[in-house]
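Read the structure below first, then the notes.
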There are 2 protein chains.
Amino acid sequence: MLESHQYLRQFSIKPSVQRSAVMNFLLKNRIHPTIDEIYLALSPSMPTLSKTTVYNTLDLFVEKGAVRALAIDEKNARYDVDISAHAHFKCRSCGSIHDIFDLNANMYQLPENKSFKIDSIEISYFGICEHCIGN
Amino acid sequence: MLESHQYLRQFSIKPSVQRSAVMNFLLKNRIHPTIDEIYLALSPSMPTLSKTTVYNTLDLFVEKGAVRALAIDEKNARYDVDISAHAHFKCRSCGSIHDIFDLNANMYQLPENKSFKIDSIEISYFGICEHCIGN
DNA sequence: ATTATCTTTGTAATTGTTTCAAATAAATAA
DNA sequence: TTATTTATTTGAAACAATTACAAAGATAAT
Ligand SMILES: [Mn+2]
Ligand SMILES: [Mn+2]
Ligand SMILES: [Zn+2]
Ligand SMILES: [Zn+2]
């Protein structure tokens with residue numbers, strides 16, 4: 001919790017109790033969680049926590065560049081505290097999302113394009129995960 | 001309409017009136033439309049068309065491999081009748097989605113991975129489009 | 001013609017997200 | 001400190017996209 005406190009400051013985010021708790025969860029659970037997963041995980045120890053606060057908090061984190069929102073899951077927004085350039089894998093069966101590899105320089109290279117001003121890239125792979133194959 | 005009739009058969013989709021109309025729209029409007037856009041476009045000429053049918057139809061098309069569902073837009077599912085390997089660009093301002101380039105062989109190459117059985121890739125770029133810059 | 005199967009339709013339910021105003025907490029000024 | 005302003009959290013309601021489902025309609029098989 002102290003760590004997340006510090007961590008938030010690096011992104012000039014004022015560390016409230018709720019924000020620190022959310023960031024702490026993200027730092028310790030690198031599973032690209034949904035809003036609901038975050039809320040359900042924190043709710044027991046913070047009974048007054050509102051889901052709206054989780055939404056507000058994640059919006060703020062994204063705006064400040066502390067976390068990245070992933071589009072890989074059509075159902076729910078997914079959040080990643082790892083903002084380095086890396087690709088993801090989503091299992092079609094269980095829906096879990098995993099880091100798959102770091103993007104090398106030429107893959108991550110944002111292409112020059114006359115029609116669009118490109119500022120970011122998202123590379124997603126789909127298939128079946130190890131765990132689901134063994135079922 | 002005759003064309004889409006034929007086209008559907010290639011994917012062993014039985015071409016009903018509704019299915020042909022939806023496929024015809026997709027073939028002639030390569031804008032990666034949402035369900036709603038498809039429904040609103042067809043609705044005037046097919047007043048009895050149900051939105052549920054549009055959902056059913058697109059689910060079937062995806063299942064049969066005739067169209068690809070894109071995850072690039074968090075709000076709505078987007079559908080692409082072009083199933084070739086190509087990357088997309090989404091404008092953060094107006095939300096429009098464009099084809100940006102074909103994926104070359106080494107980019108499209110699905111990586112071998114011991115933990116996951118990978119079957120597809122989606123590469124998305126984000127930024128601001130030409131039109132929105134000039135505003 | 002009858003029966004069975006496939007497809008479409010409209011409604012209702014569900015889910016994820018956003019809006020918003022009141023309540024609470026934190027920061028600043030007096 | 002106390003008062004005042006500003007920032008944050010909260011819960012309820014509104015909203016939007018999708019899904020579930022059962023009845024109606026169309027098509028195919030007997
Ligand atoms: Mn990640
Ligand atoms: Mn496309
Ligand atoms: Zn899995
Ligand atoms: Zn634009």
Side-chain angles (χ1 to χ4, degrees), chain A residues 1 4-5 8-9 11-25 32-64 66-67 69-79 90 92 95 97, chain B residues 1 4-5 8-9 11-25 32-64 66-67 69-79 90 92 95 97:
Chain A
M1 289 288 275
S4 29
H5 225 256
L8 289 174
R9 283 201 216 282
F11 294 93
S12 37
I13 296 165
K14 213 184 278 178
S16 70
V17 176
Q18 291 84 349
R19 287 168 185 175
S20 295
V22 170
M23 182 50 84
N24 185 57
F25 179 83
H32 315 93
T34 64
I35 290 286
D36 228 61
E37 284 171 340
I38 299 167
Y39 173 73
L40 290 174
L42 299 183
S43 187
S45 51
M46 298 184 75
T48 71
L49 180 66
S50 164
K51 199 178 281 188
T52 302
T53 298
V54 183
Y55 275 102
N56 292 341
T57 299
L58 270 297
D59 285 353
L60 179 70
F61 288 2
V62 170
E63 187 192 311
K64 293 288 190 176
V67 318
L70 303 181
I72 193 172
D73 182 349
E74 321 79 64
K75 297 269 176 214
N76 322 305
R78 299 288 199 140
Y79 296 94
K90 170 153 185 260
R92 289 188 196 289
I97 292 171
Chain B
M1 287 289 274
S4 29
H5 225 255
L8 289 174
R9 283 202 214 280
F11 294 92
S12 37
I13 296 165
K14 212 183 278 179
S16 70
V17 176
Q18 292 84 347
R19 288 168 183 173
S20 295
V22 170
M23 181 51 83
N24 186 56
F25 179 82
H32 315 93
T34 65
I35 291 285
D36 228 62
E37 284 170 341
I38 298 167
Y39 173 74
L40 290 174
L42 299 182
S43 187
S45 53
M46 296 186 77
T48 72
L49 180 66
S50 164
K51 200 179 280 187
T52 301
T53 299
V54 183
Y55 276 101
N56 293 341
T57 300
L58 272 295
D59 286 352
L60 178 70
F61 287 2
V62 169
E63 187 192 312
K64 294 288 190 176
V67 318
L70 303 181
I72 193 171
D73 181 349
E74 320 81 65
K75 298 271 176 210
N76 322 304
R78 298 288 198 139
Y79 297 93
K90 169 152 185 260
R92 289 189 196 288
I97 292 171

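Residue numbers start from 1 in every chain, and the chains themselves are labelled A, B, ... in the order their sequence lines are given, proteins ahead of strands.
A/Thr53 comes within 4.0 angstrom of a nucleotide base, judged by non-hydrogen atoms across all strands. Across all strands, B/Thr34 comes closer than 4.0 Å to no nucleic acid atom at all (heavy-atom distances).
A search for side-chain contact (heavy atoms from CB on, under 4.5 Å) contacts involving B/Arg92 returns A/Asp119, A/Ser120, B/Phe126, B/Ile128, not counting sequence neighbours. The salt bridge (charged side-chain N to carboxylate O under 4.0 Å, His left out) test applied to A/Glu63 returns no partner, not counting sequence neighbours. Residues satisfying the side chain to side chain donor-acceptor pair (under 3.5 Å) criterion with A/Arg19, sequence neighbours excluded, are absent altogether. In this structure, A/Tyr55 has no ring pair (Phe, Tyr, Trp, His ring centres under 6.0 Å) partners at least two apart in sequence or on a different chain. In this structure, A/Asn76 has no side chain to side chain donor-acceptor pair (under 3.5 Å) partners at least two apart in sequence or on a different chain. For B/Asp36, the salt bridge (charged side-chain N to carboxylate O under 4.0 Å, His left out) test picks out B/Lys51, with sequence neighbours left out.
Here A/Ile72 contributes atom CD1 and A/Ile97 contributes atom CD1; the two are 5.0 Å apart, rounded to the nearest 0.5 Å. Taken from CZ in B/Arg78 to CG in B/Asp73, the straight-line distance is 4.5 Å, to the nearest 0.5 Å. Note that NZ of A/Lys14 and OG of A/Ser20 are 13.0 Å apart. Values are rounded to the nearest 0.5 Å.
Think of the region where chain A sits on DNA chain D: with heavy atoms and a 4.0 Å cut, that region ends 5' and 3' at D/dA7 to D/dT19.
Nucleotide C/dT7 holds its C1' atom 15 Å from the CG atom of B/Leu58, rounded to whole Å.
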Give the table of side-chain donor-acceptor pairs shorter than 3.5 Å for residues 37-50 of chain B, with sequence neighbours excluded, one pair per line with atom names and distance.
residue: B/Glu37; atom: OE1; partner: B/Thr34; partner atom: N; Å: 3.0
residue: B/Ser45; atom: OG; partner: B/Leu42; partner atom: O; Å: 3.2
residue: B/Ser50; atom: OG; partner: B/Thr52; partner atom: N; Å: 3.1

Using a cut-off of 4.0 Å between protein heavy atoms and nucleotide atoms, how would you tag nucleotides 22-27 of chain C 5' to 3' with B, S and -?
------
Could you run down the sub-3.5 Å N/O contacts of the protein with nucleotides 13-20 of chain C?
residue: C/dG16; atom: OP1; partner: A/Asn76; partner atom: OD1; Å: 3.3
residue: C/dG16; atom: O3'; partner: A/Lys75; partner atom: O; Å: 3.4
residue: C/dT17; atom: OP1; partner: A/Ala77; partner atom: N; Å: 3.0
residue: C/dT17; atom: OP2; partner: A/Tyr55; partner atom: OH; Å: 2.9
residue: C/dT17; atom: O5'; partner: A/Tyr55; partner atom: OH; Å: 3.4
residue: C/dT18; atom: OP1; partner: B/Lys75; partner atom: NZ; Å: 3.1

